[in-house]
K.L.:
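My structure is below; once you've seen it, I'll send some questions.
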Amino acid sequence: MVAVEPENFMEYILVEHRWIVVLTALLPISMLWKVWSTVRNYVVFKLSSAPKMHDRKVKDVQRQIKSWLSGDRSTRLCTARPTWQTMSYRHSVYKKTFTNIKINFVDILEVDTENLTVRCEPLVTMGQLSRTLEPLGLALAVVPELDQLTVGGLVMGTGIESSSHIYGLFQHICLKYELVLADGSVVTCSKEENPDLFYAVPWSYGTFGFLTSVVIKLVPAKKYIRLQYHPHNKLSALADQFRKESESDKPHEFIEALLYTKESGVLMTGDMVDEIGRDGKFNPIGKWYSEWFFTQVERHLRNNKTVVEYIPLRDYYHRHTRSLFWELQDIIPFGNHPIFRYLMGWLMPPEVSLLKLTQPEAVSKLYEKAHVIQDMLVPIVHLEDAIDTFHKEIEVYPIWLCPFRVFNHPGQLKIKTTADSQMFVDIGVYGVPKAKNYETIPSTRRIEKFVSEHDGFQMLYADTYLTRDEFRQMFDHTLYEKVRESLPYCKEAFPEIYGKVNRSVRK
Ligand SMILES: Cc1cc2nc3c(=O)[nH]c(=O)nc-3n(C[C@H](O)[C@H](O)[C@H](O)COP(=O)(O)OP(=O)(O)OC[C@H]3O[C@@H](n4cnc5c(N)ncnc54)[C@H](O)[C@@H]3O)c2cc1C
Ligand SMILES: NC(=O)C1=CN([C@@H]2O[C@H](COP(=O)(O)OP(=O)(O)OC[C@H]3O[C@@H](n4cnc5c(N)ncnc54)[C@H](OP(=O)(O)O)[C@@H]3O)[C@@H](O)[C@H]2O)C=CC1
Ligand SMILES: CC(C)=CCC[C@@H](C)[C@H]1CC[C@@]2(C)C3=C(CC[C@]12C)[C@@]1(C)CC[C@H](O)C(C)(C)[C@@H]1CC3
């Protein structure tokens, strides 16, 4: 472990015993925030006030942009969402120098139960959506699993989940975007209307305009997920089954795998069902006292038996929220202890935003040197090679594996095939690297090189060390540039994507 020197007593507590602050302050505040926002969202929905307010809020964004237009336009524009509230590890320093546009868009506007769509505002979170849709027997086709991810962030960045091998990324289930552009106009775009803009918006990181609403595709939901755990002790066997299941003509609705060592892991296949069958036990993994999901899965590996469980739908969707995958074990080391779970589990997890807000400089330095948070997206055929490379360069376990389809659409994600789509795998690596030769920048750059050479992509909520040229090689900028040229004031108002994601603007 790399040593860091705390500068004062408070910092010492925050670094060495971060759990004290988390337990005494962050967890209670997080709970109050959760209760307040749930009640507030419920009341707003019941009063049906959100759709009426929406137009007024859009006009307010237009007003702010027009005021920027009538000034000297010496600054650029970004959203005023404080950087500590976002679901990335870093703070975006450009927020300090750009003109901040307030976007207070936090509501679900309309659920169309006939056409199976939901129209919602960009700050609506995944937790809010799944809570609202469940009683209606509906769900988003892709539910990125951390409660606090927002629709806007997932559209402008990207979103992925264990149903993505069928439906694709979050962008692929979005049917329409409404944006306010740099000239103050409001546009809507879809496959039929302004298609260039529609295909260029995902992965654009807010560099065309401000998203004000999105129409998203829904699917009928059932009460439970029948989840089958398939333990493996050979990577090649796990990878073969992983590919076979993902590319099958009739795939299971949910597929993911967790690797616990280079050679061993558990593949999980799931389907929605209305009844609990007799072939497995009921496991409400979302209850406050239940063990963290990733350690439950590890037990199936140790037992080395294929078993079936029935998990309540929302518990499944947010299965990695309570332990923030496995990141919370570094912050609350005893968080998975039964005594803690029974007594305090109902307060978990702390809000990521509050953790971020109270992160001292010394912890940032520690994470910088000895912690990896990366999701690399590579064609599924290269799965074993990628695991080899990650093992050699980083050696962090568990590793999250999630298959997903990239459709052959125009835009920044250009796949190298003429087929309709190509199957990829997201390799998520979060934790303290054990590889002896690990050094943040050189090791990450070698991984990035591997991903580029294998026609893959890097998720950009994480740190990227790509140069601008390498970045433009990884992400196709042809359509992006064309649309930027065609929109009045766009280039003046917004930097290019690299200008918002490179390391020099993220501290
Ligand atoms: C926290 C929470 C959030 C909910 N969110 C939604 C939701 O977003 N959409 C939904 O259909 N049901 C939602 N429901 C369920 C809803 O309240 C009703 O249970 C169900 O829709 C039956 O409505 P009703 O026939 O009693 O008529 P009403 O409640 O009077 O509504 C008639 C129809 O209009 C739609 N509707 C009403 N208000 C809104 C709104 N603000 N936004 C979108 N559609 C609205 C609904 O489709 C509803 O069926 C929510 C429930 C909870 C607890
Ligand atoms: N399972 C998954 O798929 C997971 C995904 N993630 C990643 O987390 C990120 C989402 O986090 P979240 O906190 O929700 O989003 P952020 O607030 O971090 O926003 C991400 C980007 O989207 C832009 N943006 C957000 N809302 C708007 C809007 N209304 N109009 C214009 N631009 C907007 C932001 O611009 P600006 O800088 O101007 O605010 C920023 O560049 C995504 O990048 C996603 O890939 C993380 C964990 C899991
Ligand atoms: C595509 C998928 C599934 C991505 C999962 C990404 C998660 C593992 C990321 C998203 C936000 C994230 C970067 C975060 C952290 C860990 C990894 C997270 C949870 C933590 C909690 C680590 C500890 C840090 O002190 C701090 C609190 C700033 C961050 C906050 C964001």
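We count ligands from 1, going down the list as the structure has it; atoms in each ligand are counted the same way. Just so it is clear, the values below take in all heavy atoms, side chains as well, and ignore hydrogens, waters and symmetry mates.
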K.L.:
Note down each nitrogen or oxygen pair, ligand 3 side and protein side, whose separation is under 3.5 Å; give only atom names and the distance to 0.1 Å.
P.N.:
{"unit_1": "ligand 3", "atom_1": "25 (O)", "unit_2": "Arg18", "atom_2": "NH1", "d": "2.9"}
{"unit_1": "ligand 3", "atom_1": "25 (O)", "unit_2": "Arg18", "atom_2": "NH2", "d": "2.7"}
{"unit_1": "ligand 3", "atom_1": "25 (O)", "unit_2": "Gln359", "atom_2": "OE1", "d": "2.3"}

K.L.:
Are any side-chain N or O atoms of Trp326 and backbone N or O atoms of Tyr430, one a donor and one an acceptor, separated by less than 3.5 Å?
P.N.:
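Yes: the side chain of Trp326 pairs with the backbone of Tyr430.
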K.L.:
Do the side chain of Thr212 and the main chain of Glu178 share a donor and acceptor less than 3.5 angstrom apart?
P.N.:
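Indeed, once roles are kept as given, a pair shorter than 3.5 Å links the two residues.
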K.L.:
Do Gln359 and His91 pair up side chain to side chain, a donor and an acceptor below 3.5 Å, judged on atom types alone?
P.N.:
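No, His91 and Gln359 have no side-chain donor paired with an acceptor closer than 3.5 Å.
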K.L.:
Under 3.5 Å, is there a donor on one side chain and an acceptor on the other for Thr188 and Glu193?
P.N.:
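Thr188 vs Glu193: donor-acceptor pair found between side chains.
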K.L.:
Taking OH in Tyr94 as the centre, count heavy atoms belonging to other residues, nucleotides or ligands within less than 6.0 Å. Is the count above 12?
P.N.:
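Yes, OH of Tyr94 has more than 12 neighbouring heavy atoms, counting only those of other groups under 6.0 Å.
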K.L.:
So that I know where these two stand, are Tyr316 and Phe254 an aromatic pair - ring centroids less than 6.0 Å apart?
P.N.:
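Yes, the ring of Tyr316 comes within the 6.0 Å limit of the ring of Phe254, centre to centre.
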K.L.:
Applying a heavy-atom distance cut-off of 4.0 Å, which protein residues contact ligand 2?
P.N.:
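Within 4.0 Å of ligand 2, protein side: Cys78, Thr79, Arg81, Thr86, Met87, Tyr94, Lys95, Ile103, Pro122, Pro144, Glu145, Leu149, Thr150, Gly152, Gly153, Met156, Gly157, Thr158, Gly159, Ile160, Tyr205, Gly206, Gly209, Phe210, Leu211, Met459, Tyr461, Lys500.
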K.L.:
Just say parallel, tilted or perpendicular for the rings of His391 and Tyr397, cut-offs at 30° and 60°.
P.N.:
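Aromatic pair His391/Tyr397 classed tilted.
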K.L.:
For Phe471, is the NZ or CZ atom of Arg468 found under 6.0 angstrom from the centre of its six-membered ring and inside 45 degrees of the ring axis?
P.N.:
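The answer is no, since Arg468 fails at least one limit relative to Phe471.
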K.L.:
Regarding Asp60 and Arg63, does a basic nitrogen lie under 4.0 Å from an acidic carboxylate oxygen?
P.N.:
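Looking at Arg63 together with Asp60, the answer is yes, because their closest N to O distance falls below 4.0 Å.
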